[in-house]
Every structure is written in C-alpha cells, then in structure tokens.
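Report on one structure; see the data block that follows.
Chain A is the first sequence line, chain B the second, and so forth, proteins listed ahead of strands; every chain is numbered from 1.
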Protein chains: 2
Amino acid sequence: MLPVTYMMKHSHSPHEGRPATMEDLARATGLSKMTISRALNTSGYVSEQSRKKVIAAARQFNYRLNYIGRNLNQNRTGMLGIITPLEGLIGTYYFGQIVKGIQSALIGTDYHIAHYDSLSADFNDGEKCAQLCYQKRVDGLIVIAPKRHDCFVKTFAELKVPLVVVGGAPRDPRTSFIDVDNFGGASSAAEHLIDLGHYKIGFVAGPKTLHDACEREMAFRKTLARHSLRVNEKWVIQGSYETRKAFHASLHLLSQRDRPTAIFASNDLMALGVLDAARIIGLSVPEELSIAGFDDIDAATNVQPQLTTVRQPMQRMGRKAVEYIMELVAKGNQERHLIHQKLTAQLIIRESTAQARKTTQTTGQARGVDKVPFSHFVTGTSGL
Amino acid sequence: MLPVTYMMKHSHSPHEGRPATMEDLARATGLSKMTISRALNTSGYVSEQSRKKVIAAARQFNYRLNYIGRNLNQNRTGMLGIITPLEGLIGTYYFGQIVKGIQSALIGTDYHIAHYDSLSADFNDGEKCAQLCYQKRVDGLIVIAPKRHDCFVKTFAELKVPLVVVGGAPRDPRTSFIDVDNFGGASSAAEHLIDLGHYKIGFVAGPKTLHDACEREMAFRKTLARHSLRVNEKWVIQGSYETRKAFHASLHLLSQRDRPTAIFASNDLMALGVLDAARIIGLSVPEELSIAGFDDIDAATNVQPQLTTVRQPMQRMGRKAVEYIMELVAKGNQERHLIHQKLTAQLIIRESTAQARKTTQTTGQARGVDKVPFSHFVTGTSGL
DNA sequence: CTGTTAGCGCCTTCAT
DNA sequence: ATGAAGGCGCTAACAG
C-alpha cells in the first residue's frame with residue numbers, strides 16, 4: 001500500500017475537498033506547472049493544443065487561482081487600505097462618494113479594498129496604520145478625511161509607505177493629499193449671491209471641528225469683506241452638517257423682523273433645512289429668499305426648487321487617489337514624489353437663487369406663520 | 001568577487017531597502033529560522049538567552065512579520081469579506097452599527113475587513129462573491145442586508161463557502177442568517193400604543209422594497225387586527241426611512257380633521273419627521289399625539305421628548321456573524337451547520353408615548369398652524 | 001513552445 | 001532547547 005502522501009502527490013486528480021492547484025493540472029495534463037501558469041495567465045507562448053488541454057482540466061477540476069501563492073511570489077497583497085472614521089463613512093454622502101470613486105478606479109485591477117476605522121484604537125495614528133504596510137496586509141493606504149492631523153498624519157511623513165490623504169488636507173506638506181478647493185468653491189457661491197444683488201446674506205456654518213467647514217466659512221467672510229459687505233453675526237447659524245438642526249435654527253432666523261434675503265449653507269443637507277424652514281414660514285424661494293448649498297447631493301436636484309450649489313468632485317478625488325497610490329506601488333515607492341492637489345469645486349446655478357428684489361425691504365413686517373394659508377406648505381410636498 | 005546573490009543570501013544584515021526576514025535574523029543571531037519563529041511567536045521552547053538575542057536583532061533590523069508568508073503556509077488570508085450595497089452602507093445608521101459590531105468582534109483576532117459592494121457588477125451575485133473565497137482573497141463572507149435575494153443569496157446555498165447573511169433574512173433556508181425579529185419588535189410597539197388606550201393609530205411605512213420594512217408593516221396590521229382595530233388607510237404614510245419625506249407627509253396627515261392619536265413610524269428617522277410635524281402643527285407630544293419609532297438611533301435620546309422606540313441589537317448581529325464565520329473557518333467549514341437566528345428587538349418606552357386622552361375627540365376642529373403661537377415651535381429647538 | 005530550477009517568507013514535522 | 005528539511009502555490013529566469 002502506498003503512503004498517503006504519495007497518493008496525494010501523485011494521483012491524477014486532486015484529493016477530494018482540497019482545491020486543485022496548478023500542480024494538479026500539470027499532472028492531469030502531462031504538462032509542467034509553468035505551462036499551466038502561462039496558459040491560464042495568457043502570458044508567454046503556449047500552443048493552442050496545450051492551452052485547450054489546460055483549460056479543459058481547469059474546468060474539470062474546478063480550478064481557481066490561489067492568490068496567496070501569487071502574492072507571496074510577487075511580494076504584494078492586492079489590498080488597498082482605506083482608513084476612515086467608521087462613524088463618518090457611515091452616514092455621509094461625502095465619504096460614500098469618495099469610496100465609490102475608489103471602487104470604480106479599482107475595477108479591472110486585481111486590487112481589493114481593506115477597510116480600517118481611524119477611530120479604533122488600533123488604527124488611530126500613523127504608526128499603527130503604517131504597520132499594515134510593513135506587515136504586508138496592504139500595499140498602500142488612502143486616508144479619508146482624518147479628523148485629527150496631529151497624531152495621525154504628522155507621523156506619516158516619516159513612514160515611507162505609499163499613502164495619500166483624501167479630503168481634509170493636512171497642514172504637513174510632507175504628506176501627499178488630494179482635496180477639493182473648499183475656499184474657492186465657497187467663494188464662488190458667495191460671489192454668485194452678491195452678483196445677484198444680495199447684500200443681506202446669511203450663513204449656515206458646519207462643524208467647527210472640520211477643516212473644510214472652516215474653509216467655507218472663511219471664504220464666505222472674506223468674499224463679503226472683499227465686496228465691502230458686513231457679516232451680520234445674527235445671520236450666522238452654527239450648524240452640524242445635518243438638516244434638522246439647520247431647519248430649526250432657520251425657522252428662528254427667518255421669522256426675525258430683520259432677516260437676510262439670501263442664505264449660503266455650507267452643505268446641501270443644511271440648505272434643505274433652510275428650504276423647509278422657508279416653506280413653513282411662507283417665504284417663497286427664490287423670490288423672497290435665495291438659498292445656496294455645497295456638495296451637490298442627489299437631493300439637490302430632487303427638491304423644488306432645485307438647489308443652487310457647489311459641486312465637489314468627490315468621486316474624482318477617490319479615483320485620483322487610487323491612481324496615485326497605484327503609481328507609487330508600481331514604482332516600488334522608490335521615488336517619493338509628493339502631490340498636493342486641490343481640485344476645483346464648481347458652482348452649479350439652479351433655481352434656488354435669484355436676483356435680489358429691489359422691493360424686498362427688511363423693514364417690512366416679518367411674516368408670521370399665521371399669515372400663510374395652511375395649504376401653502378401642506379400641499380407643497382411634490383418636490384420631495 | 002562574490003556574486004550578488006551570494007552577497008544577499010549571506011551578508012549579516014538585510015540588503016538596504018528590503019525588509020528584514022526571519023532568515024536575516026537567523027543569520028544575524030547565529031540561530032536558525034525556527035528559533036526566530038518560535039521566539040517571535042512565543043510558541044514552543046526558546047531559551048531566555050536566545051529570545052533576547054532575537055528580540056534585539058528584530059528591533060535592530062526593524063523586523064515585521066510578513067503575513068503573506070504566514071498566510072500561504074497556513075492557507076488562509078486573514079480577510080473577512082463584508083458585502084453590502086455601498087449606497088446603503090453609506091447613509092444609514094443600521095449598516096454602520098452592524099459593521100461596528102463586526103469590527104469590535106475582530107479586535108484581538110488577526111482578521112481584517114475586506115469590503116465589497118453588492119451593487120457593483122463584480123459582486124452582485126452569489127457566484128461572484130464566492131469566487132473571493134475560492135481564489136483565497138477572503139476566508140469567509142458576511143453579507144449585510146442584501147437587497148435582492150433571488151440572484152444573490154439563492155445561489156449561495158450551493159457554494160459551500162463560509163457565509164452568513166446579516167439583516168434582511170433570506171427566504172432560502174439553506175443559507176445561514178442572523179436577523180432581528182422585526183415582526184415581534186413592531187408588534188410590541190403597536191401593542192404598547194394599544195395598551196395606552198389608543199385606537200386611532202397611524203403608521204409610517206418604510207420602503208416596500210425592504211424586507212424588514214414589510215415585516216414591520218405586517219406586524220402593525222396584524223396587531224391591530226388582533227385587537228379588532230381597523231387600520232385607517234388614510235393614516236398610513238408611505239415613507240422612505242428618512243426624515244424629510246415623513247415630515248412633509250405628516251404635516252398633511254396631522255392637519256386633517258380626523259387624525260390619529262398615535263403614530264408608529266417604522267424607523268426613528270421618520271419618527272423624528274413626525275415629531276417635527278407635530279411641533280409645527282402645534283400638537284404636543286405625547287399629550288396630544290403619541291409617537292413610537294424603531295431602531296433606537298442616537299437621536300432618539302437627543303430629542304425632546306425622548307422617543308419611545310424599538311431597539312435593534314445591530315452591533316450584536318455583527319458580532320454574532322463574526323463568531324459564526326470564525327467557527328466555520330476554524331473547522332475548515334467541514335460541518336455545514338446552518339444557523340437561522342432572529343434576535344429579539346426590545347421595546348424602549350420613553351417620553352413620546354402616553355395614555356390616550358379620553359377627551360381627545362377626533363371630531364374636534366383640527367388645529368391649523370394659524371392657531372398656534374409662532375414662538376411655540378421657534379423656541380422649541382432645545383431638543384436638538 | 002516547454003520544462004527545470006529556484007525562491008518568495010513562514011511554519012510543521014521530525015530529528016537531535 | 002534547537003536545527004534541518006520540506007512544502008504551502010505561484011511565477012521569474014533560464015535552458016532547452
């Protein structure tokens with residue numbers, strides 16, 4: 001009786017339960033492993049006859065390429081690490097679109113995505129994340145909109161791993177980043193409102209903790225200043241990038257006697273809140289109130305009136321990040337060429353902004369809800 | 001002059017730029033690769049002296065374990081595949097919490113998460129996903145709330161890969177799943193409202209395309225029927241699991257002459273919309289309108305009044321899924337023991353539901369907004 | 001066009 | 001307590 005090992009090594013069909021290897025195919029076809037490899041990868045020269053035999057055997061044994069073997073040979077993992085706050089990924093259009101861009105750029109490559117939570121204790125600083133590369137769990141890293149740059153990105157500068165930050169550009173120039181030009185985008189929105197003749201302009205700010213929110217606010221303020229317009233702090237709402245809070249705050253703001261004729265919300269979700277509030281109050285948009293947002297989320301074109309907003313090229317950021325990382329990985333990360341990109345955000349003018357009315361006098365009595373026919377907003381749900 | 005290969009194999013320090021291997025450490029310490037391995041993995045016997053030498057050399061050469069090598073040896077990938085609609089993941093508390101549960105269960109294991117989009121053409125059916133296992137890109141798969149069971153989960157039954165569906169339990173019993181008992185949870189909420197003396201109960205439905213939304217609606221209807229209560233179809237709002245649409249529809253519903261005294265929304269986001277609408281209309285909650293939700297999202301305890309709701313053990317589902325998959329993987333997936341779990345959803349009674357008033361007459365004039373002091377809702381923003 | 005050799009980095013097995 | 005041999009599955013490099 002032959003020993004089991006002999007059986008396993010020399011039987012013509014793979015042992016039941018064990019997936020077939022190239023070696024199995026080699027034995028079955030009487031060819032060598034190399035010919036099998038070449039045939040399956042369509043690389044190098046293989047006779048048509050051999051190729052057919054290999055294909056047939058592969059089908060018969062239900063062969064699948066084992067990537068662990070290939071990866072060891074090629075010293076790569078085929079994994080691209082995405083590092084993002086889980087609580088952020090989940091819940092915002094922004095992160096979703098960036099990831100979507102990354103995914104789309106990965107189609108056709110044999111790269112897959114590994115996901116890590118920057119809020120977890122295991123991945124909350126650069127050193128820990130770099131381990132993923134050192135230990136060959138991933139080939140490169142894309143950090144999406146890190147919240148804390150200090151303990152996170154700073155250390156990356158020294159770690160020599162293929163890495164790029166997307167969104168929330170770090171201050172440290174020794175790290176590559178791809179971001180959107182929040183300042184420019186917000187400026188163009190403010191500029192647009194001013195061009196329309198508005199000079200009483202309100203603002204809905206995003207979370208102070210987020211860099212892009214700050215940039216947008218800064219842009220708003222500077223643009224008004226450049227046009228010698230004063231920012232009325234009573235018209236600046238502190239929002240949180242979400243609809244409800246902006247809605248309630250707007251109710252308050254818009255019911256004031258002295259209210260703005262235009263509002264720039266630093267993201268679309270909040271702009272929707274302003275829009276809802278205006279509808280409740282009975283202010284027609286854009287006739288009595290112009291509203292501009294930021295992001296160009298799906299809902300922006302699904303409301304009535306459609307939202308004037310600033311489009312961020314989120315997916316493009318994701319794609320560019322992949323291209324950059326792939327390039328670094330391909331070059332073995334030898335040339336440490338950094339990139340610092342700020343993609344332009346484009347103003348999209350739709351229906352929610354209009355010329356300021358000459359007649360709009362702030363001295364006019366602010367309309368309370370009681371002046372509005374109830375049907376006005378109850379029936380106005382078509383735009384949802 | 002010695003050939004380069006000799007240099008590389010026999011120099012005492014690893015070639016510059018190439019990460020150190022155990023072989024490097026072996027040469028540097030004069031020990032064998034095995035001793036290095038044992039020392040670094042604290043497995044088997046190693047003398048204290050040797051261990052120290054190894055540790056020192058590892059530190060000196062900045063050695064990191066190469067997982068590709070280990071994985072090939074152990075025929076595993078250390079990757080757990082998570083398959084979810086990207087557009088879904090992104091955007092809902094639900095997906096986020098499940099993933100969070102998965103993440104937490106993975107801490108301490110050396111498993112990482114690979115993420116795949118079930119909406120992508122590459123992973124939109126069972127066969128394609130199973131390839132990930134066959135090709136050894138992942139060791140197991142967790143499918144989160146697949147939208148389409150037909151082309152997706154059905155095929156899984158035959159594919160013999162470690163797989164479990166979390167949320168959106170498939171009809172096919174040959175697939176393992178872990179889900180929450182939507183029917184039971186929704187029933188208890190409806191029961192609760194009935195117990196409080198309500199008999200005019202409205203409902204905000206979720207998307208018809210989602211299984212859990214259907215289950216909750218079914219439970220609502222059956223529970224009312226069991227108590228011989230008629231469901232007034234005018235009080236059933238077709239929502240989409242999001243706040244705004246529910247808000248606007250509720251404005252309409254609650255301003256009717258004949259309106260319900262209680263509303264059960266099939267998720268919390270929509271319950272918030274109902275709450276906002278009630279506030280606008282001027283109905284006090286819970287005195288004039290009881291509201292119950294489903295999910296127990298963070299906001300449920302951050303509004304005024306706090307929301308009565310049904311808590312889904314989302315994180316626990318994620319954790320259980322991991323435990324199950326790990327077990328399968330550990331056993332080499334030999335015993336194909338299926339699990340079909342429905343975790344109970346717990347009713348959490350808070351402030352948004354109360355005893356039905358005897359005096360609440362539906363014949364009473366529905367209050368229009370014009371009857372409400374404006375300050376009523378403008379100042380009522382504290383609960384946000 | 002095909003095969004042989006060798007090695008990726010690790011760990012299991014068996015020997016010492 | 002340590003080492004030697006060998007193999008996981010694949011492919012580059014070189015021979016034929």
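Rounded to an integer number of Å, the gap from CG of Asp110(B) to P of dC10(C) is 14 Å. Atom P of nucleotide dT2(C) and atom CD of Glu48(A) are separated by 10 Å, given to the nearest angstrom. Put simply, CG on Leu31(A) is 10 Å from C1' on dG3(C), counting in whole angstrom units. Put simply, CZ on Arg27(A) is 14 Å from P on dG3(C), counting in whole angstrom units.
The backbone N or O of Lys33(A) lies less than 3.5 Å from no partner atom in the side chain of Ser37(A), so there is not a single donor-acceptor pair. In this structure, Lys128(A) contributes its side chain and Ala121(A) its backbone to a donor-acceptor pair below 3.5 Å. One N or O on the side chain of Arg137(A) and one on the backbone of Gly78(B) form a donor-acceptor pair closer than 3.5 Å.
No more than 12 heavy atoms of other residues, nucleotides or ligands sit less than 6.0 Å from atom CD of Gln49(B).
The closest side-chain donor-acceptor pair between Asp110(A) and Tyr67(A), if any, does not fall under 3.5 angstrom. At a cut-off of 3.5 Å, with distance as the only test, no side-chain donor of Asn75(B) or Arg18(A) sits close to an acceptor on the other residue.
For the helix from dC1(C)-dG16(D) to dT16(C)-dA1(D), the angle separating the two terminal helix axes comes to 40°, with each axis derived from five pairs and the value rounded to 10°.
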What one-letter contact string describes nucleotides 9-16 of chain D from 5' to 3', where B marks a base within less than 4.0 Å of any protein heavy atom, S marks contact via sugar-phosphate atoms alone, and - marks no contact? BBBBB---
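The phosphate of dT2(C) has neither OP1 nor OP2 within less than 4.0 Å of any side-chain N or O from Thr35(A). At dA1(D), none of the side-chain N or O atoms of Ser50(B) fall inside 4.0 Å of OP1 or OP2 (strictly under the cut-off).
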After noting the C-alpha distance and the side-chain angles of Arg319(B) and Glu323(B), does the key distance pass the salt bridge (charged side-chain N to carboxylate O under 4.0 Å, His left out) rule? CA-CA 6 Å; Arg319(B) 282 195 297 273; Glu323(B) 287 164 17; 5.7 Å; no
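For His337(B) and Tyr324(B), the ring centers are positioned less than 6.0 Å apart.
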